[in-house]
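All residue numbers in this chain count up from 1 along the given sequence.
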Amino acid sequence: MSFSSDVKEELNCIQTLANKELVKSELQGYLISNNVKIIEKGTKRKIRFSTESEYNINRFARLLSNCKIQEYKIQMQGKNYVIELALELLRNIIEVTDIGIKIERNEIGSRENAKATIRGAFLGSGSINNPENSNHLEVQLSNEINCTCIEELLEQFDIKAKRLSENRIYIKDGEEISKFLACIGANKSVLKFEDIRLKHEMNNKINRLVNCEGANLNKIMNASIEQIEAINKLKRENKFKNLDDNLKEIANLRLENPNANLTELGQMLKIPVGKSGVNYRLRKIIELSK
């Protein structure tokens, strides 16, 4: 199963069905998701919710039942589970306007109700990428009003989401995704997500250090080659003997230790000097060779 499916399976097990307010709020979240459609059948209007997940369709059905709505049917259409019921049955649950089903922030109520609404919207039409590959969480709502409502609810919990289109929000920041999962009650998924994210961050840090170390080694080796060539040139031209003792000492150390960095060379001197002192002497040798 995908990580997204694992999250939704965990949410399906949340025991809030005895609380009528939370049941209604979560059902409202489902109903404003993009996977709920209003369809015309003769003179009647119905809503249809479809999902590939059996436990998701079961959760939706239980929410309906707990709201004392029993007149619905579930069927298979291809790979999807589909549930249909008369729109009239939802008149006390959600508002239907010319643009379709909608809900607004001031209709939600408590913080727990807000969490339940966000959870329902995610279960209805949300997805999250496998964190092994990339950080991306997305929820698609049925219209712009509902999208704005979910954005405002997330702001209440200091969760920063961005708008992908007029009815789609997304989160790419790993910390914000963790906050979102915790908000909707997917606590086990938060731990799994954070574990994967921490491993990725450690791997990225190690890679950066390795790359940086490699670049530093290349820099040291290139400088060392230039210094050794300068020293050998002075020797070939019989000018090495004219160097003062400080330059001769550092030159001989460089020939003996081609891989050493400037700090290490400085510590090998009879009278140790710092990195800048070593660099000055080696630059002087290069200038004299030219």
Answer yes or no: are there more than 12 heavy-atom neighbours, outside [X] itself, under 6.0 Å from its atom [atom1]?
X	atom1	value
Gln156	CD	yes
Gln15	CD	no
Glu264	CD	yes
Lys20	NZ	yes
Lys162	NZ	no

Spatial distance of atom [atom1] ([X]) from atom [atom2] ([Y]) [nearest 0.5 Å]:
X	Y	atom1	atom2	value
Glu71	Glu88	CD	CD	11.5 Å
Asn129	Ile177	CG	CD1	8.0 Å
Leu27	Leu64	CG	CG	5.5 Å
Glu194	Leu181	CD	CG	9.0 Å
Ser53	Asn58	OG	CG	8.0 Å
Asn12	Arg119	CG	CZ	11.0 Å

Which atom pair, heavy atoms only, marks the closest approach of [X] to [Y]?
X	Y	result
Ile150	Ile118	CD1-CA, 4.4 Å
Ala260	Met268	CB-CE, 4.2 Å
Cys147	Asn167	SG-C, 3.6 Å
Tyr72	Ala61	OH-O, 3.5 Å
Cys183	Ile159	CB-CD1, 3.9 Å
Ala121	Ser33	O-CB, 4.0 Å

Do [X] and [Y] sit in the same hydrophobic cluster, where Ile, Leu, Val, Met, Phe, Trp and Tyr count as joined when their side-chain heavy atoms come under 4.5 Å apart?
X	Y	answer
Phe157	Phe193	yes
Leu243	Ile228	yes
Ile231	Leu247	yes
Val36	Ile169	yes
Ile32	Leu89	yes

For [X] and [Y], indicate whether the former's side chain and the latter's backbone hold a donor-acceptor pair under 3.5 Å.
X	Y	result
Arg62	Ser65	no
Asn56	Leu123	yes
Glu10	Lys188	yes
Asp244	Asn246	yes

Tell me whether the NZ or CZ atom of Lys8 lies within the 45° cone about the ring axis of Phe122 and under 6.0 Å from its centre.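 Yes, cation above the ring, under 6.0 Å and within 45°.
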
Under the rule for salt bridge (charged side-chain N to carboxylate O under 4.0 Å, His left out), what residues qualify as partners of Lys115, not counting sequence neighbours?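 Applying salt bridge (charged side-chain N to carboxylate O under 4.0 Å, His left out) to Lys115 gives Glu112.
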
Among residues at least two apart in sequence or on other chains, which ones pass salt bridge (charged side-chain N to carboxylate O under 4.0 Å, His left out) with Glu249?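 Partners of Glu249 under the salt bridge (charged side-chain N to carboxylate O under 4.0 Å, His left out) test: none.
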
Side-chain contact, heavy-atom cut-off 4.5 Å: [X] with [Y]?
X	Y	result
Glu26	Asn19	no
Asn130	Ser2	no
Glu132	Phe3	no
Asn135	Glu175	no
Glu54	Thr51	no
Ile47	Leu85	yes
Ile225	Glu229	yes
Ile39	Glu84	yes

Checking Ile57 against Met76 for the side-chain contact (heavy atoms from CB on, under 4.5 Å) test, could you report, in this order, the C-alpha distance in whole Å, the side-chain angles of both residues, the deciding distance, and whether it holds? CA-CA 11 Å; Ile57 204 74; Met76 291 294 298; over 6 Å; no

Walk me through whether Ile196 and Lys192 qualify under side-chain contact (heavy atoms from CB on, under 4.5 Å). CA-CA 6 Å; Ile196 294 171; Lys192 183 177 179 181; 4.2 Å; yes

Between Ser125 and Gln140: side-chain donor-acceptor atoms closer than 3.5 Å: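 Side-chain D/A pair, Ser125 to Gln140: absent.
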
Applying side-chain contact (heavy atoms from CB on, under 4.5 Å) to Leu31 and Phe60, what does each step give before you reach the verdict? CA-CA 10 Å; Leu31 292 171; Phe60 186 79; 4.1 Å; yes

Test Lys46 against Arg48 for side-chain contact (heavy atoms from CB on, under 4.5 Å), laying out the working first. CA-CA 7 Å; Lys46 293 190 173 185; Arg48 173 186 290 167; over 6 Å; no

How far apart are the C-alpha atoms of Glu176 and Lys179, what are their side-chain angles, what is the distance that settles it, and do they pass the salt bridge (Lys or Arg N to Asp or Glu O under 4.0 Å) test? CA-CA 5 Å; Glu176 297 301 312; Lys179 286 160 63 176; 3.3 Å; yes

Mind listing the side-chain donor-acceptor pairs of residues 275-290 below 3.5 Å, one per line with the distance, residues two or more places apart or on another chain?
{"unit_1": "Ser289", "atom_1": "OG", "unit_2": "Ile286", "atom_2": "O", "d": "2.7"}

